[in-house]
Visitor: 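Take a look at the following structure, please.
No hydrogens, no waters, no symmetry mates; every other heavy atom, side chains included, goes into these values.
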Amino acid sequence: MTAFAALVALALLTAPPSLPSYPQARSAWSPSESWLYDRHGALIDSARVDFGQRRLAWTPLDRIAPVVGEVVIAAEDRRFRAQGGVDWLATGSAARERLAGRPSRGASTVSMQVAGYLAPELARPGARGWFDKLRQMRAAWALERRWSKDQILEAYLNLAGFRGEAQGIGAAALGLFGKTPASLSRDDALLLAALLPDPQAGADRVARRACVLSRTSRATSRDGVSSSVDRNGCERWPALAASMLGPARSLQLDPGLAPHLADRLLTKPALRVRTTLDAGVQRLAAEALRKQLLGLGGTRARDGAVVVVDNVSGDVLAYVGGVGDASTAPAVDNAHSYRQAGSTLKPFLFAAAIERGYLTPASILDDSPVQLDTASGLYVPQNYDRGFKGPVSARTALAGSLNVPAVRTLLLVGVEPFRDRLWDIGYRGLVEDGAYYGFSLALGSAEVTLLEQVAAYRALANGGRWSPLRLTAGDPRAAPRAVTTPAAAWLVGDIIADPNARAATFGLDSALRLPFWAAVKTGTSKGMRDNWCIGYTRRFTVGVWVGNAQGDPMRAVSGTSGAAPVWRDIVIALEAGRSPASPPPPVGVEARRIAFADAIEQPRREWFLHGTGQTVIAAAPAQAHRPRFVNPVAGSVYALDPDVPHDRQRLAVAVKGAAGHRVMLDRRDLGSAGATPQIVPVPGRHQLALVDVGGRVVDRVIFTVR
């Protein structure tokens, strides 16, 4: 009875922990990586999310080169397929060697080691006594009763630690050899087997062990037949071991096509995210951007981004956050970063003005110097070339990206309504009210992202209907909502697709001119920090940003030399083999043959909203303008220079539309307004008044001299 009680106690004390089934073990496996796929299921990128260990996806045995299992079995447990979890011959040999006081080879079988991986308490540090070995043996027997030999071998190859943080055959094959497990060679397998007893061993030790394994081991095949293995010399092993343990291989089978999007979407281990991207379009966009940045050189512009969208579905087909070749901030996602918009917001301003009937594409706008009084001082907009073109049509002003006419258009639309319109089109960076941005909003002082830009221009391509873009297959398809009328959207698209209208600014043969219809707008932010080119055909909308991720200015890069060549290359490649036609005019639009008085512009066919068409376009005569002071502007502050004689410092008074009027300075008559009187400034606060023939004050400004 005492012996029986002792056996029961021993059985209870050595009872192994409960082990999972094979399906449970596989489902519990959590890789350290997550993967990004394109719309067709092709792998385009991956990201490591868990930095505790490097574990890739569980690799089935049929996706591992057979030689790997054969070599590992020969090295670790050569009677694996014949024994039931415990190798009694190896156990007896190890016991005999230990009793003799000699070093012994371990007797742990593959099954015992797998049991230890599945129940870590079986393989805790120091667990080498007979009590611990008995628990491991019982665990191995239990495993063998529930698992097949192939399942145990598969688990061993996936759970074993090979080198450093690399756990499993997948991480080892890619990290040490740059291969998939299926493409490992016999030499690769021998090196991996040589690592198993001591994963941190140096190259010399690994080479010696691989040599021994290659010369003395016998690879046992699945049917139990043994065959002799390589008995060649060992000269090659030191070099092979040093190469394997050298600098970590990159995951060569990971295309690395969308690293910035991977960082954005792959937030948890083991994710497999199917995106809307097309791997072919992604490669096309990345190569076009890389080519342009290499041509510009790192001293001019280092960074860029590209987004390509399908107009119908809203699916993002390409998302290039940067190419990183010369970048000093390669981790920055430039497709999702806020930058100043420059002139790219002008189409939405003109669409609002056209929609409300304030302008037609033929309306005359004055491109001449203007000074606007604001709470923070004078606002004096300038054109890109620092010149002025006088009276121009709205078509020429928008297509040629003239700044002063845009500001005059903003005065018609209103800053606050325009800010609200931009918010409706998805520009979520405009978190302040209109007063915060002021008149500079017409010239793109607001910060936007490339994704927002492409979504907004896609709305123009879709007749003024906006909906969110889709980045993953699981993103919902939201119903589009109208942000402008189809007629206004079409008219603006017709304007920015007109190469003749932009010729005065960009020339007739710029990068913006394609052999088919495409609407496009460029923009450059203040200080040459951001260069944009966004445009669309009937099928695609493409947006490009070029600049420096660190925010420093570009050098010698303009709207047509920075982002536009990238845009052109991508659009032409996307539309290869097709000749996209212009979209048909929507209901509510009519064409007229027009002529301009005083030959302001050449006669042409022009488009109008129904009811606004004209045949002769003329600028308003000077007498139609309200008489007013042009210079100085109300609120101006002038400083006298002490180094210049006082009588040499004069302020010219400029008046517009004031025939027969007189100018009064602090109630002192300066003479006729048409004579351009000059003021010898005196320190203090002064008032200028414009008086008509009847003595009535029609305009008044106050300025200060210091």
Side-chain angles (χ1 to χ4, degrees), residues 341-375 377-422 434-435 437-446 488 491-492 495-496 501-502 504-505 521 523 526 596-598 600-601 606 609 612 614 617-635 654-658 699 701:
S343 295
T344 55
L345 301 183
K346 290 176 182 175
F348 310 105
L349 173 62
F350 278 78
I354 291 171
E355 171 191 322
R356 298 175 188 185
Y358 300 154
L359 292 178
T360 72
S363 296
I364 300 299
L365 292 168
D366 188 8
D367 183 25
S368 62
V370 63
Q371 297 177 336
L372 300 172
D373 187 19
T374 70
L378 290 180
Y379 179 62
V380 185
Q382 299 282 336
N383 287 322
Y384 181 81
D385 60 3
R386 300 291 179 179
F388 298 95
K389 295 179 172 55
V392 295
S393 69
R395 175 177 290 273
T396 298
L398 174 56
S401 198
L402 302 180
N403 286 341
V404 174
V407 173
R408 296 189 189 279
T409 302
L410 182 61
L411 292 173
L412 295 173
V413 173
V415 176
E416 193 68 38
F418 182 44
R419 180 265 172 206
D420 292 344
R421 170 62 60 89
L422 293 175
Y437 302 102
F439 300 118
S440 64
L441 188 58
L443 310 186
S445 61
L491 288 172
V492 165
I495 291 172
I496 61 176
R502 72 169 79 98
T505 301
K521 186 74 186 69
K526 185 178 180 181
F596 290 88
D598 301 322
I600 294 174
E601 293 182 8
E606 186 56 275
L609 297 180
T612 64
Q614 298 171 281
I617 311 297
Q623 58 269 27
H625 293 284
R626 177 183 66 84
R628 68 187 189 281
F629 287 108
V630 176
N631 189 67
V633 175
V655 181
K656 192 166 187 178
D699 195 20
V701 298

Visitor: Between the side chains of Arg421 and Glu416, is the shortest nitrogen-to-carboxylate-oxygen separation below 4.0 Å, so that they form an ion pair?
Guide: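 Salt bridge between Glu416 and Arg421, a charged N being under 4.0 Å from a carboxylate O: no.
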Visitor: Taking C-beta and beyond as the side chain, do Pro627 and Val655 meet within less than 4.5 Å on heavy atoms?
Guide: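 No; the side chains remain at least 4.5 Å from each other.
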Visitor: Decide side chain to side chain donor-acceptor pair (under 3.5 Å) for Lys526 and Ser445; before the verdict, give the C-alpha distance in whole Å, the side-chain angles of both, and the deciding distance to 0.1 Å.
Guide: CA-CA 8 Å; Lys526 185 178 180 181; Ser445 61; over 6 Å; no
Visitor: Just how far is it from atom CZ of Phe350 to atom CG of Leu365, taken to the nearest 0.5 Å?
Guide: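 Separation between the atoms: 6.0 Å.
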Visitor: Which atom names give the shortest non-hydrogen contact between Pro632 and Phe629, and what distance separates them?
Guide: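 In terms of heavy atoms, the two residues are closest at O-CB, 4.2 Å.
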Visitor: Out of curiosity, Thr360 OG1 to Ile617 CD1, how far, rounded to the nearest 0.5 Å?
Guide: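 Between atom OG1 of Thr360 and atom CD1 of Ile617 there are 6.0 Å.
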Visitor: Output the distance between atom NZ (Lys521) and atom CZ (Phe348), rounded to the nearest 0.5 Å.
Guide: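 Here the interatomic distance stands at 11.0 Å.
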Visitor: Output the distance between atom CZ (Phe418) and atom OH (Tyr437), rounded to the nearest 0.5 Å.
Guide: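 So the gap between those two atoms works out to 11.5 Å.
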Visitor: Taking all atoms of both residues into account, what is the closest heavy-atom pair of Pro361 and Ile495, and its distance?
Guide: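 In this case the closest contact between Pro361 and Ile495 is CB-CD1, 4.0 Å.
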Visitor: First locate atom CZ of Arg395, then atom CD1 of Ile496, and finally report the distance between them rounded to the nearest 0.5 Å.
Guide: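 So the gap between those two atoms works out to 11.0 Å.
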Visitor: Give the minimum heavy-atom separation between Arg502 and Ala399, together with the two atoms involved.
Guide: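 Minimum heavy-atom contact is CB-O, 3.3 Å.
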Visitor: Does any non-hydrogen side-chain atom of Val392 lie less than 4.5 Å from one of Ile600?
Guide: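 No, side chains not in contact.
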Visitor: Are any of the side-chain heavy atoms of Asn403 and Asp367 separated by less than 4.5 Å?
Guide: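 Counting from C-beta outward, Asn403 and Asp367 never come under 4.5 Å.
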Visitor: Could you report the tightest heavy-atom contact between Gly438 and Leu410, atom names first, then the distance?
Guide: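 Scanning both residues completely, I find the closest heavy atoms to be O-CD2, 4.0 Å.
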Visitor: I need the Thr505 OG1 to Lys389 NZ distance, nearest 0.5 Å.
Guide: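 Going from the OG1 atom of Thr505 to the NZ atom of Lys389 covers 4.5 Å.
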Visitor: Could you go step by step and tell me if Ile354 and Leu609 meet the side chain to side chain contact (heavy atoms under 4.5 Å, CB included) rule?
Guide: CA-CA 8 Å; Ile354 291 171; Leu609 297 180; 4.2 Å; yes
Visitor: Pairing donors with acceptors under 3.5 angstrom, does anything connect the side chains of Ser343 and Ser401?
Guide: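 Checked: Ser343/Ser401 side chains pair up, N/O donor to acceptor below 3.5 Å.
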Visitor: Looking at residues at least two apart in the chain, or sitting in another chain, which of them share a side-chain contact (heavy atoms from CB on, under 4.5 Å) with Asp366?
Guide: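 Testing Asp366 for side-chain contact (heavy atoms from CB on, under 4.5 Å), a comparison that skips the adjacent residues, returns Ser368, Arg408, Lys656.
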Visitor: Tell me, please, which residues at least two apart from Arg419 pass salt bridge (charged side-chain N to carboxylate O under 4.0 Å, His left out).
Guide: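 Salt bridge (charged side-chain N to carboxylate O under 4.0 Å, His left out) list for Arg419, sorted by chain: empty.
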Visitor: If you compare all heavy atoms of Ala341 against all heavy atoms of Leu345, which two are closest, and at what distance to 0.1 Å?
Guide: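 Reported closest heavy-atom pair: CB-CG, 3.7 Å.
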Visitor: Which residues satisfy the side-chain hydrogen bond (donor to acceptor under 3.5 Å, both in side chains) test with Thr409, sequence neighbours excluded?
Guide: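 Thr409 satisfies side-chain hydrogen bond (donor to acceptor under 3.5 Å, both in side chains) with no residue once adjacent residues are dropped.
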Visitor: Hey, does the side chain of Glu601 reach the backbone of Ser393 with a donor-acceptor pair shorter than 3.5 angstrom?
Guide: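 Indeed, once roles are kept as given, a pair shorter than 3.5 Å links the two residues.
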Visitor: Locate the shortest heavy-atom distance separating Ala406 from Leu443; write the atom from each residue and the value.
Guide: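 Scanning both residues, the minimum pair turns out to be CB-CD2, 4.2 Å.
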